[in-house]
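Have a look at the structure below, then the notes.
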Amino acid sequence: MSFAPGEFTVRIEPRGWTFVTSGAIPLLEAARHSAINLPSSCRNGTCRTCMCRLLSGQIRYQIEWPGLSSDEKREGYILPCIAYPQSDLVIEDPRASALPASD
Ligand code: FES
């Protein structure tokens, strides 16, 4: 499956950190490339450790049934480890932290 490339700005509330991503990699990995750590464990959409809320924007999943209930999806919860940005996004994850600079 392929996803339309683009250039999307992602903002992480409540800290207001932003980064730009092409939409070609999942949100969790894109954040990591920008030295922002979002909590994760399985990274394949089953453990729900990374679950956070999407406040605005569109994402897509590469797997058909990410581990979220329909109520959670309705309430805006997403799994950033498997969510590909499809537009500018605002997500809310108070657990986001800055990674130490790698060099
Ligand atoms: S890290 Fe397990 S569902 Fe995202």
Side-chain angles (χ1 to χ4, degrees):
M1 196 181 297
S2 69
F3 294 95
E7 191 165 276
F8 307 124
T9 301
V10 180
R11 192 167 84 231
I12 304 176
E13 298 293 5
R15 294 178 194 260
W17 291 334
T18 61
F19 62 90
V20 173
T21 177
S22 69
I25 55 172
L27 203 42
L28 186 95
E29 200 182 328
R32 196 168 292 252
H33 288 182
S34 300
I36 299 168
N37 183 57
L38 298 174
S40 68
S41 178
C42 73
R43 300 197 196 168
N44 64 20
T46 52
C47 75
R48 299 156 52 91
T49 301
C50 65
M51 188 164 99
C52 70
R53 277 190 77 205
L54 177 64
L55 302 181
S56 75
Q58 294 292 324
I59 53 101
R60 281 181 64 180
Y61 295 110
Q62 229 168 1
I63 61 172
E64 214 152 318
W65 300 109
L68 291 169
S69 70
S70 45
D71 278 354
E72 287 163 345
K73 284 189 216 164
R74 235 190 333 271
E75 286 164 22
Y77 285 97
I78 63 166
L79 296 174
C81 68
I82 50 161
Y84 291 75
Q86 297 292 290
S87 72
D88 289 348
L89 303 178
V90 182
I91 65 171
E92 181 182 57
D93 195 337
R95 302 166 303 169
S97 59
L99 290 169
S102 51
D103 21 55

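Computed over heavy atoms, backbone and side chain alike; hydrogens, waters and symmetry mates excluded. This one's a predicted model, so the numbers in the text were calculated from it and none came from an experiment.
No continuous path of hydrophobic side-chain contacts links Leu99 to Val10 [ILVMFWY only; heavy atoms under 4.5 Å].
Closest of all the heavy-atom pairs between Pro26 and Pro80 is CB-O, 3.8 Å. Of all the heavy atoms in Glu92 and Cys52, the pair that sits closest is O-CB, 3.4 Å. Considering all non-hydrogen atoms of both residues, Cys42 and Gly45 come closest at SG-N, 3.5 Å. Residue Tyr61 comes nearest to Ala83 through the heavy atom pair CE2-CB, 3.8 Å, listed as atom of the first residue, atom of the second, then distance. Closest approach of Pro85 and Leu27 over heavy atoms only: CG-CD1, 3.9 Å.
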(request) Apply the test side chain to side chain contact (heavy atoms under 4.5 Å, CB included) to residues Phe19 and Ile12: give CA-CA distance (whole Å), side-chain angles for both, the deciding distance (0.1 Å), then the verdict. (result) CA-CA 9 Å; Phe19 62 90; Ile12 304 176; 3.8 Å; yes
(message) For a side chain to side chain contact (heavy atoms under 4.5 Å, CB included) check, start with the C-alpha distance between Thr21 and Leu89, then their side-chain angles and the critical distance, and finish with the verdict.
(response) CA-CA 10 Å; Thr21 177; Leu89 303 178; over 6 Å; no
(request) List the steps and the verdict of side chain to side chain donor-acceptor pair (under 3.5 Å) for Thr46 and Asn44. (result) CA-CA 6 Å; Thr46 52; Asn44 64 20; 2.8 Å; yes
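Of the inter-residue distances, the one linking Leu38 atom CG with Ser97 atom OG reads 8.0 Å to the nearest 0.5 angstrom. Rounding to the nearest 0.5 Å places CD1 of Ile82 at 13.0 Å from CD of Glu29. Note: Leu54 CG to Asp93 CG = 12.0 Å, rounded to the nearest 0.5 Å. The structure places CD1 of Ile25 at 9.0 Å from OH of Tyr84, a figure rounded to the nearest 0.5 Å. In this structure, CZ in Arg15 is found 11.5 Å from CD in Glu13, a value given to the nearest 0.5 Å.
More than 12 heavy atoms of other residues, nucleotides or ligands shown are found within 6.0 angstrom of CD on Glu75.
For residues 40-59, the set of pairs meeting the salt bridge (Lys or Arg N to Asp or Glu O under 4.0 Å) definition, not counting sequence neighbours, comprises Arg48-Glu72.
The side-chain heavy atoms of Cys50 and Leu79, taken from C-beta on, include a pair separated by under 4.5 Å. Ile78 places none of its side-chain heavy atoms less than 4.5 Å from the side chain of Met51.
For the side-chain contact (heavy atoms from CB on, under 4.5 Å) test, residues two or more places apart in sequence or in another chain that qualify with Thr18 are Thr9, Arg11. In terms of the side-chain contact (heavy atoms from CB on, under 4.5 Å) criterion, residue partners of Ser56 (sequence neighbours excluded) are, by chain and number, Val90.
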